[in-house]
Amino acid sequence: MTAPSGPAPAGAPAVRCRSLGVSFGAVRALHGVSLELAPGRIHALVGQNGAGKTTLAKVLGGLQVPDTGDVHIAGKEIPPGDVSAAKAAGLAMVHQHFSLPPSFTVAEALELTAARPGGRAVYRRGDLQQRWRDDVAEIGGTAALSTRIRDLPVEARQSLEIVRALATEASVLLLDEPTALLTPVATDALFERLRHLRDSGVTVLVVLHKLREVAAVADTVSVLRDGELVLGPAEMSEVSQGRLSDAIVGPADHADDEVGVRAIAHDQETLLELAGVSSGESAFEPGLSGVDLRVEAGEIVGVAGVEGNGQRSLVSVIAGLSPLSEGSIHIDGDEMTAAAPARRRMRGLRLVPFDRNTEGVSQSAPLWLNQSALRLIGREGLETLYPPRRGWVHSVHSPGSSDRGPRQMARLLNDWWQRRSPLISLRQYKWQATQAMDRWRVRYDNVTQPAESLSGGNIQRLILSRELDSGLEALVAAQPTRGLDFAATEFVRRSLRGLRDAGAGVLLISSDLDELFELSDRLLVMYGGQIVARFDGPYDRRAVGDAMTGAVR
Amino acid sequence: MEQILATTLRSAAPLVLVAMAGVFAFRAGIFHLGLEGLMIAGAFATVAVGDTTGSVELGVLAAIGVCLLLSALYWWVIGPLGANVIIAGLGLTSIGLGGTAYALGAIFDVRGSLFTDVVLPRPVTGSTSGAGVIISEHSIFVWITPVIVLAAWVVLRRSRFGLRLAAVGEYPFAARSAGVNPSMVRLQALLIGGALCALGGAELSVGALRNFTENMTNGRGFIAFVAVIFGAWHPIGAAFAGLFFGFADAIGIQSQINITERVPREFVLMIPFVLTIFAVWLGGLWRRRSLEAEAGYAELREPDF
């Protein structure tokens, strides 16, 4: 299982690990993983969310102590959980989440994390910047060394992570999902860089989740599934796409997730309408200026654009999280320009936010509370002001929904009690949350475990199970598939299409053009806080791309 | 006026020293509410050992030793044992206040105050009028306080150790991935802070006065902590905040001497605390903007650990 197939270069493997095992409580994150990576090549590691990729990367980098097994880098054994030893052996790591402290300047962050010998214990700012000038210049980085990390755009931050990793002449570069936050152009640039590194003798291990990216950059591929190595490392030329998908998804999981869809009730054809909306700029984005858009029932409107062109402002203005300076917003025919988020919600607006970990869930709160928080908070308002609409997801009280007579009476009585009583039944809420999460195939052990213990894909399912409830009319989905593996991505896309077919209006904001082309009935392009172009399908990739870069105004 | 300025320096010095301890802890991500306890333990140890041995130097060394031990204990409780930082800090304060009061009775058989002859050296003495009063009769610790503030600034803002400390406080994941052990860095920050609290306590008991009194810190540890926040956890900022609170204290003391006949005593005693609340309110207003900008960064906070 472990010998690299194909023509492996001579010498010790760059990375070798034997029977690694890691458990988090009852969850087995890694089990008996043995892996040997030949030097001077680009190795891809793939698998679904929660398959153990990040855990494996952390173990190799010394950030996670394995329960069993050992790790050798370039022939040297690394004591478990020793970051410094792994570094000394030549391993450099680029983390899935940025590892540079936001308030540090570029020079300070490099000094902290790169640990190049020769620095002085006490420094002067100018000297420190001089010390790192060449490294930043090398990547064509225009970032001033006195810029704070938090003020850098995402691409620059990513480049800086690589600068940091390579500052100590690493022989093994380990990248954990480096493309998750990058635009397609930046991804291509990153891959070009990786090829250069390989050609100069660096061994690269990169965790990816898009098969297209694996095919584009990898020499060999290894697949993790449920914490076990099920394939590889195998030469890319010897593995068919189909075999790879099978290895990733596994045998049982193919028949997946039919989501129950029901007709959406709405009063107006136009479910979401923005007229001449402008807003102040935020710290990271230009404000909106004169945005007109309209989402009708039964359509998906895509919003394309390079990140940072006002998409976040757009979402937060629609959600009612930040004020607008001009214009109006209507939801299902009602003016909601200044309405509080809760009122918009009552009117049928739902939101899948940009960042699922911080905006979508409370990391430390238990699953059931995350699932039912909005119902708990808005219990009275949601249900008495606007009686529950017949929605597209089954009401959790009526799994069969065809029962009559006494059971129906009992259910109505229970509904009424749930709504009117000043007390809440935690048991009831937990049960409802369980039902909803099971419908959406959230994988979890216990409803009381904190949300942070779920993988990214499962958190997104949790959010969907909450947002796509019976009251939904218009959905704003911001980057709903970012960072998800392809099974989860497919699931989310199917859900969006199902919503559309059921008569909901969906505003889909994405930086993935393929996704937008595939799903959108109409496409808008944002640039500098404005909508600069509108397209109807079939889409011309060229024209959309030009609009995204501001070439068309 | 000169008298008020002189009293300001004398009141501010222990506050600033302890505030520096707070800055180190705060930057390492520890909301250190045990400063009060460390300070009074330092004050007591100085008088107890100093008076017994007749040497103020031994007294100060003993204070540093005691505070280092207590700081290490605090670290052990909040680090390896995983206790709540704030509750453990308040516990440390209780230990300091209660322990010194108990030891006073148990060892010296005294209640209230223990007077001593040992005193910190005073480099400049003798002025009784004019501007000389401002700098006269201060203990050596008042004189070295600015040096310590400057040193704290260099260590925190211009040294590798300072970078590691800031990373641990702001974003432990960054520190870990840089091969830094956050727990050890926190211990170092707390030990430095312990030594500083010992100096602050010694200044209080044998610098400005010549006795140890039960509860003589009287909330100064907490005021020092407020100075840390008011000074935006920057050493220089915290030092100026400490100076300001010292000034408020001085006004309270001076007006107590001068105008007690006309104004109720309680009202005058209130002045430093009212000024403190006012200053904290101002500081909060001033920093709200930057905090809001910070919030936009939340998405990149570390997901685990």
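Chain A is the first sequence line, chain B the second, and so forth, proteins listed ahead of strands; every chain is numbered from 1. On a predicted model such as this, the values are computed, not experimentally measured, just so you know.
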Gap separating the NZ atom of Lys87(A) from the OG atom of Ser177(B), nearest 0.5 angstrom:
6.5 Å
Closest heavy-atom contact between Thr113(A) and Ala174(B)?
CG2-O, 4.3 Å
For the residue pair Pro102(A) and Glu170(B), establish whether any side-chain heavy-atom pair is separated by less than 4.5 Å.
yes
With a cut-off of 6.0 Å (strictly less than), are more than 12 heavy atoms of other residues, nucleotides or ligands near CZ of Phe141(B)?
yes
Could you tell me the separation between the CD atom of Glu108(A) and the CZ atom of Arg158(B), rounded to the nearest 0.5 Å?
7.5 Å
Could you tell me whether Phe240(B) atom CZ has more than 12 heavy atoms of other residues or ligands within 6.0 Å of it?
no
Look up atom CZ in Phe173(B) and atom CG in Leu63(A), then write down how far apart they are to the nearest 0.5 Å.
6.0 Å
Chain A contacts, top residue of Ala166(B), Ala175(B), Gly162(B) (heavy-atom pairs, under 4.5 Å)
Ala166(B)
Got Arg164(B) and Glu111(A) here, is their nearest side-chain heavy-atom distance under 4.5 Å?
no
Which region of Arg125(A), side chain (C-beta onward) or backbone (N, CA, C, O), has a non-hydrogen atom less than 4.5 Å from a non-hydrogen atom of chain B, or is it both or neither?
both
Quick check on the interface: out of Leu163(B), Asn181(B), Val180(B), who has the most heavy-atom pairs with chain A under 4.5 Å?
Leu163(B)
